[in-house]
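The block underneath contains the structure these notes are about, expressed in structure tokens.
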Amino acid sequence: MSSAEKIEDIAKRKGFFWPSSEIYGGMSGFYDYGHLGALMKRKWENLWRSYFLSLDDNFYEISPATIMPEGVFVASGHLKSFVDPVVKCKKCGHMERADHILEEELKENFEGVSSEELEKLIKQHGIKCSKCKGPLEEVGTLNMMFPLNVGTTKVTKAYLVPETAQEAFVNFKRQFEVLRKQLPLGLAVVGKAYRNEISPRNLLLRMREFTQAELQIFFDHDNVGEHEEFDEIKDYKLCLFPAANKQTGKVEEVSCWAIIEKMDLPKFYVYHLAKIQQFYLDILKIPKEKFRLRELSEEERAFYNKIHWDIEVELNDLGFKEVGGCHYRTDHDLSGHQKISKQDMTVNIEGKEILAHVLELSFGVDRNIYALLDIAYAEEKERTVLRFPFGAAPYDAAILPLVNKEGMPGLAGKIKDVLKAKGFTVFYDYSGSIGRRYRRMDEIGTPFCITVDTDSLSSKDVTIRDRDSMKQIRVGIEHLPMVLEQLITYRIEFTEAE
Ligand code: GAP
């Protein structure tokens, strides 16, 4: 089985995710999260919130609507430019993304390449329809937004949001006024985005409805060369894959300070790139060699970006895949909204009129969940195990009475209630041999199993088993919440928790 097939299998069998409306045959590009997937998604989103919202006291989360009127997308440029290059088969009418059809054939990434160039390559390599091998029409474009008519008598033309970003932009001025009237101001949205992808594929990697976690940082453009906390990360090395290294594939480790000196990147941008890398390496525990920041060339960049580096994680079989991006959007969006809405989007700070620039930290939640599953999956001699980072595992711990009698279930139930009340996600399992229950928990990535045995009743202590090393320690019941917190949040060594 390919790694994608293994993930699909475990996802369906255990309850992470599966095709949406499955009983009606499903719909391409739509997935539902089951009980484990929903828990994990919430954990990921909360890790993201607590990390990125802590970067500055003036960063906040908002929760806007996901249907917006057409004017928003005239202003943002999505109506005109949010298009994918497509080719249609002359024989069977099948439509495909022109860059994807080339990628399949030539095993290279053609994302962002112009329609003219794609057309040339398709002709040059004699590419045919992937379904019927028929000849292809010329490369055209298709807008990816989902249109809607809102209302009954007076109809308003609207769209499902293709990115959460616009939700923050239209709210910027009001948020600025009701807050402390300071820049930088960060507005975060964790919410749905919708794109009518021509070829949804690779499970959660390319969907038509997906979740984004985006932070829009509004700042004074005159300060782009500064960041108050830059000294904290100046010697920290980033794993960079500059556009110039496309042929060699070489990733360079460069200190933030050297990046400022040698590359044309502003401090404000580099500081946030460093924080993104630290989130991936320190919080999500992505191995360093599977992580890189990829610079997009001018042709590849999204139409709204002046500087654009993608966050990429290496997946089994699929190679490096984008899971997020760090986008310097300048005043592209606010000036667009100012023009189309005819509302003044400038703010006044100490007498200075500013049309704020935006740095966007953008992440696809589903792609990140997929990446964690892909990296965590391991088949060992006697078990399949998902080695999730502790903070992102669906359950923090399982509570297992050794046998389902002799007072053990009662004590185990009490422990479960205490841990739940303290905010831990716990699973209670009393059926089957203890060995089988450990295996079941390994397979869904539960970091710790707490076993209540006969001694627990008299000595008031329990065994904690570590998922990764399978080692066990004995811990007093009254210390359990503290020990779990130290293991999960502060990541103390397992054997030191005893
Ligand atoms: N606001 C900027 C923006 O939307 P993007 O690169 O188009 O930028 C951001 O999307 C992130 O959203 C991507 O890095 C990816 O993780 C996720 N994403 C984009 N399209 C997706 C899709 N069709 N399915 C799943 N995730 C997607």
Side-chain angles (χ1 to χ4, degrees), residues 17 20 27-31 33 37 41 44-45 48 52 64 66 68 72-73 76-78 81-84 97 99-100 109 111-112 142-146 159-170 186-217 272 276 279-280 284 286 291-296 300-313 315 318 320-330 332-333 336 358-374:
F17 64 86
S20 180
M27 253 200 317
S28 186
F30 295 89
Y31 285 89
Y33 284 90
K41 189 162 173 275
W44 190 95
E45 289 167 358
W48 184 89
F52 285 101
T66 56
M68 300 177 98
V72 170
F73 305 106
S76 68
H78 282 78
S81 308
F82 197 54
V83 291
D84 264 349
R97 257 179 73 163
D99 52 340
H100 286 177
N109 183 5
E111 210 156 321
L142 213 64
N143 194 291
M144 288 161 70
M145 288 195 293
F146 284 107
Y159 293 87
L160 291 172
V161 291
E163 57 167 359
T164 66
Q166 297 307 321
E167 301 168 9
F169 300 145
V170 299
L187 296 180
V189 179
V190 179
K192 291 280 189 177
Y194 305 85
R195 297 181 187 177
N196 198 2
E197 293 280 354
I198 295 143
S199 10
R201 56 185 184 165
N202 295 334
L203 304 168
L204 306 182
L205 294 185
R206 192 169 294 282
M207 302 157 83
R208 288 181 164 136
E209 174 182 341
F210 55 98
T211 303
Q212 290 186 319
E214 296 194 305
L215 172 62
Q216 311 299 328
I217 307 172
H272 290 98
I276 290 172
F279 177 65
Y280 276 86
L284 299 180
I286 302 294
F291 175 89
R292 71 183 187 191
L293 297 162
R294 181 170 85 87
E295 181 186 18
L296 274 73
E300 290 174 310
R301 266 178 237 156
F303 62 90
Y304 43 77
N305 283 334
K306 184 172 170 198
I307 307 175
H308 185 163
W309 289 65
D310 272 346
I311 303 140
E312 294 193 336
V313 171
L315 304 176
L318 297 171
F320 277 96
K321 287 283 164 200
E322 170 198 342
V323 291
C326 185
H327 308 149
Y328 180 20
R329 295 178 76 129
T330 66
H332 169 89
D333 300 274
V358 171
L359 178 67
E360 172 184 66
L361 315 190
S362 171
F363 305 80
V365 178
D366 315 273
R367 281 197 194 175
N368 275 277
I369 298 292
Y370 185 92
L372 287 184
L373 276 159
D374 183 270

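Position 1 is the first residue of the sequence; numbering continues from there. When a ligand or atom number is given, it counts from 1 through the structure's own listing order.
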Exercise for the section: Provide the closest heavy-atom pair for F210 versus M207 in the form atom of the first, atom of the second, distance. Expected result: CD2-O, 3.8 Å

Practice task
Please determine if P162 has a nitrogen or oxygen closer than 3.5 Å to a nitrogen or oxygen of ligand 1.
Solution key: no

Practice task
Quick one: look at R206 and ligand 1, take heavy-atom pairs under 4.0 Å, and tell me if it's side chain, backbone, both or neither.
Solution key: both

Exercise for the section: Determine, using heavy atoms of L205 and all atoms of ligand 1, whether some pair is separated by less than 4.0 Å. Expected result: yes

Handout entry: Atoms in ligand 1 flagged as close to L204, the criterion being non-hydrogen separation under 4.0 Å
Key = 25 (C)

Problem - Mode of R208 contact toward ligand 1 - side chain, backbone, both, neither (heavy atoms, under 4.0 Å) - result: neither

Handout entry: Exam field: side chain N368 to backbone V323, donor-acceptor pair closer than 3.5 Å
Key = yes

Handout entry: For atom 24 (N) of ligand 1, closest protein heavy-atom neighbour
Key = M207 N, 2.8 Å

Exercise for the section: May I ask whether D366 has any heavy atom positioned less than 4.0 angstrom from an atom of ligand 1? Expected result: no

Handout entry: Over-ring placement of R329 relative to Y304, 6.0 Å and 45° cut-offs
Key = yes

Completion exercise
Within 4.0 Å of some non-hydrogen atom of E214, the atoms of ligand 1 are 1 (N), 2 (C), 3 (C), 4 (O)

Practice task
Flag the pair V72 / H78 as yes when at least one side-chain heavy-atom distance between them is below 4.5 Å, and no otherwise.
Solution key: no

Handout entry: Atoms of ligand 1, numbered as shown, that sit under 4.0 Å from any heavy atom of V323
Key = 14 (O), 16 (O)

Problem - ligand 1 versus E209: contacting region, heavy-atom distance under 4.0 Å - result: neither

Exercise for the section: Nearest 0.5 Å please: distance from the CZ atom of R367 over to the NZ atom of K321. Expected result: 8.0 Å

Handout entry: Nearest neighbour in protein (non-hydrogen) for atom 13 (C) of ligand 1
Key = E322 OE2, 3.1 Å

Problem - Heavy-atom nearest option to atom 26 (N) of ligand 1, drawn from R329, R367, E111 - result: R367

Handout entry: H327 and R301: CA distance, side-chain angles, deciding distance, side-chain contact (heavy atoms from CB on, under 4.5 Å) verdict
Key = CA-CA 9 Å; H327 308 149; R301 266 178 237 156; over 6 Å; no

Practice task
May I ask you to check whether G364 has an N/O atom sitting below 3.5 Å from an N/O atom of ligand 1?
Solution key: yes

Practice task
Could you check atom 10 (O) of ligand 1 against the protein and tell me its nearest heavy-atom contact, residue, atom and distance included?
Solution key: Q212 NE2, 3.4 Å

Problem - Aromatic F320 / basic R294 pairing, under 6.0 angstrom, 45° off normal - result: no

Practice task
State, to 0.1 Å, how close I369 and L204 come at their nearest heavy-atom pair, and which atoms those are.
Solution key: CG2-CD1, 4.3 Å

Exercise for the section: Count the heavy atoms belonging to other residues, nucleotides or ligands that lie under 6.0 Å from NZ of K306, then report whether that count exceeds 12. Expected result: no

Practice task
Look at atom 4 (O) of ligand 1 and find which of H327, E360, R195 reaches it with the closest heavy atom.
Solution key: R195

Handout entry: Shortest protein contact, atom 9 (C) of ligand 1 (heavy atom only)
Key = S362 OG, 3.1 Å

Practice task
Nearest heavy atom to atom 8 (O) of ligand 1 wins, so pick from Y370, F363, Y304, F210.
Solution key: Y304

Practice task
Mind telling me whether F52 and F363 have parallel, tilted or perpendicular rings, with 30° and 60° as the class edges?
Solution key: tilted

Practice task
Could you tell me if any non-hydrogen atom of H78 lies under 4.0 Å from any atom of ligand 1?
Solution key: no

Handout entry: Least distance between heavy atoms, Q216 atom then A168 atom
Key = CG-CB, 3.5 Å

Exercise for the section: Please say whether E163 places an N or O atom under 3.5 Å from an N or O atom belonging to ligand 1. Expected result: yes

Handout entry: Any donor-acceptor N/O pair, D366 side chain to T211 backbone, under 3.5 Å
Key = yes

